[in-house]
2 protein chains.
Amino acid sequence: MSLPHAILTALLEKPSSGLELTRRFDRSIGYFWSATHQQIYRELGKLEEAGHIRALPSDRPARGQKKEYEVLPAGRAELTAWVGRTEDPKPIRDALLLRMRAAAVVGTEGLEAELRRHLALHEGQLAEYEDIEKRHFPPERDTVEDRLRHVVLRGGIDLERFWIEWVRAALRELAALPTTPR
Amino acid sequence: MSLPHAILTALLEKPSSGLELTRRFDRSIGYFWSATHQQIYRELGKLEEAGHIRALPSDRPARGQKKEYEVLPAGRAELTAWVGRTEDPKPIRDALLLRMRAAAVVGTEGLEAELRRHLALHEGQLAEYEDIEKRHFPPERDTVEDRLRHVVLRGGIDLERFWIEWVRAALRELAALPTTPR
DNA sequence: GGGAACATGTAACACGTTACATGATTGT
DNA sequence: ACAATCATGTAACGTGTTACATGTTCCC
């Protein structure tokens, strides 16, 4: 139940249309809560019906026509309440860890290539985050908003670093295996 | 599409009934791919229909009666193929990171308490993993299967450590904020 | 006037979550 | 006989994914 709150956050940062939101999810918020444009349109509809957002008045019909949304006071209130709400961390759900576990039973064939591929992907993502950090969070700019957003980005950076280290450890372990089992 | 493969792995490690699987998910496989008993029963049905597993012959009717499953050759083949299959890492999706990001916009009220709660939960989970490591992976036992499973557990341990460090950094940042915004 | 890019949307399905229903076995 | 526990299952719903449909604007 977090997509609506991700959207409210994005819309408070800047009123946008569905497609603009989709693009911003691809670059920014979506690094921590991804969504496709279909999800976003569906959710925008619900948020509007709930009175949390409204479409900015426009004379023209809907289909094919840009539709900008802004957050209403009720939406801001809902987001404020949500920030302080209690929600347990979701247990890990990761296919790569599961693959490794399955490999212990049926053999590791093909796993090494997949691990190397993930290593490259995570290194790429890390580079992207570090680039954003350099561009958006230079030592000078230091508003309250920036500091909080910076902590979030640091989380993304350190998560990528964790994965890079884990994959490397897994590759070392595979290399050290007596013979490829099975 | 990983739940069936999680189940196949668990069943290869030991043929089980639905409830037994559910319990083992709560303790072991589920640390990396959790599932409720409803999901497991639904998936067992599909796997049986697909010819990947079969119920061990039993004379008695179904409802309320224990039903043990074992993996068929087709199921093992499917799991073996899946281990080497290609699948991109899922982008991060974490409500706590999102909350922090929202807090940058609507204020941090209530966040500190939630962060402390998560800190305690992650510390507890870490202790549990470390306990499992001590009990299941002593330096001596060192089969191929164990080494691979150990790498998986190390992943869980380091992920918990990451979260503990991140939450601590976030708390430091909150404490350093000039005044609670808004 | 035709294609590319922009923009919103529908439909169908897969997967996960929550609540509840039903039957069997065991212990008191 | 009753409650507790074991065990399997149904139903309804929310969210996420994939494929496709439709209309608009801009530019050649």
Side-chain angles (χ1 to χ4, degrees), chain A residues 1-8 10-11 15-26 29-30 32-50 53-56 58-69 82 87-95 98, chain B residues 1-8 10-11 15-26 29-30 32-50 53-56 58-69 82 87-95 98:
Chain A
M1 250 284 290
S2 296
L3 177 57
H5 304 102
I7 291 177
L8 287 172
L11 284 182
S16 310
S17 67
L19 240 217
E20 279 164 12
L21 273 180
T22 304
R23 289 202 229 288
R24 289 171 56 206
F25 266 70
D26 285 346
I29 296 259
F32 312 105
W33 202 277
S34 63
T36 63
H37 82 275
Q38 290 84 347
Q39 277 179 278
I40 288 173
Y41 283 120
R42 179 156 69 189
E43 205 59 44
L44 283 172
K46 286 191 202 170
L47 282 167
E48 188 174 22
E49 194 172 5
I53 63 175
R54 65 160 190 177
L56 289 181
S58 148
D59 36 329
R60 283 176 296 183
R63 192 119 196 180
Q65 220 52 39
K66 197 159 119 175
K67 206 157 120 194
E68 286 234 311
Y69 290 95
W82 179 79
E87 185 178 352
D88 283 355
K90 290 262 168 291
I92 307 164
R93 227 158 209 243
D94 186 86
L98 191 58
Chain B
M1 246 284 292
S2 296
L3 178 57
H5 304 102
I7 291 177
L8 287 172
L11 284 182
S16 310
S17 67
L19 239 216
E20 278 164 12
L21 273 180
T22 304
R23 288 204 229 288
R24 288 171 57 206
F25 266 70
D26 285 345
I29 296 260
F32 312 104
W33 202 277
S34 62
T36 63
H37 82 274
Q38 289 84 346
Q39 276 179 279
I40 288 172
Y41 282 119
R42 178 156 71 188
E43 205 60 43
L44 283 171
K46 285 191 202 171
L47 283 167
E48 187 173 21
E49 194 172 5
I53 62 174
R54 64 160 191 176
L56 288 182
S58 149
D59 37 328
R60 284 177 294 182
R63 192 117 195 181
Q65 219 52 38
K66 195 158 121 177
K67 206 157 121 192
E68 286 235 310
Y69 290 95
W82 180 79
E87 184 178 352
D88 283 355
K90 290 263 167 292
I92 307 164
R93 229 159 208 243
D94 188 87
L98 191 59

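For D/dG9, one of the phosphate oxygens OP1 or OP2 lies less than 4.0 angstrom from a side-chain nitrogen or oxygen of B/Lys67. The side chain of B/Gln39 contributes no N or O atom lying less than 4.0 Å from OP1 or OP2 of C/dC15. Neither OP1 nor OP2 of D/dG16 sits under 4.0 Å from any side-chain N or O of A/Thr36. Within the structure, a side-chain polar atom (N or O) of A/Tyr41 is placed less than 4.0 Å from OP1 or OP2 of C/dT8. Listed pair A/Arg93 / C/dG16 meets the phosphate criterion, a side-chain N or O lying under 4.0 Å from OP1 or OP2.
Computed from coordinates, the A/Ile7 CD1 to D/dG16 C1' distance equals 13 Å when rounded to whole Å. What separates NZ of B/Lys46 from C1' of C/dG16 is a distance of 11 Å, to the nearest Å. Across the protein-nucleic acid pair, B/Glu48 atom CD and D/dG9 atom C1' stand 14 Å apart, rounded to whole Å. Going from atom CG of B/Asp88 over to atom P of D/dT18 covers 11 Å, rounded to whole Å. Whole-Å rounding puts the A/Tyr69 OH to C/dG9 C1' distance at 11 Å. Taking atom CZ on B/Phe25 and atom P on D/dA7, their separation rounds to 17 Å, with Å as the unit. For A/Arg23 and C/dT8, the CZ to C1' distance is 12 Å, given to the nearest whole Å. A/Leu19 places its CG atom 8 Å from the C1' atom of C/dT8, with the value rounded to the nearest Å.
Here the nucleotide nearest the side chain of B/Lys66, chosen from D/dA7, C/dA11, D/dG9, is D/dA7. Side chain of A/Gln38, nearest nucleotide from C/dC6, D/dC20, D/dT8: D/dC20.
Of the possible donor and acceptor atoms, one in the side chain of B/Arg24 sits under 3.5 Å from a partner among the backbone N and O of B/Ala10. Side-chain atoms of B/Glu48 never come within 3.5 Å of backbone atoms of B/Gly45 as a donor-acceptor pair (strictly under, hydrogens ignored). Here the side chain of A/Glu20 pairs a donor or acceptor atom with the backbone of A/Ser17 at under 3.5 angstrom. In terms of modelled atom types and a separation under 3.5 Å, the side chain of B/Ser34 and the main chain of B/Gly30 share no donor-acceptor contact.
For A/Arg42 and D/dG14, a side-chain-to-base donor-acceptor distance below 3.5 Å is absent, hydrogens and geometry of angles not being considered.
Counting heavy atoms from C-beta outward, B/Tyr69 and B/Leu44 have side chains that approach closer than 4.5 Å.
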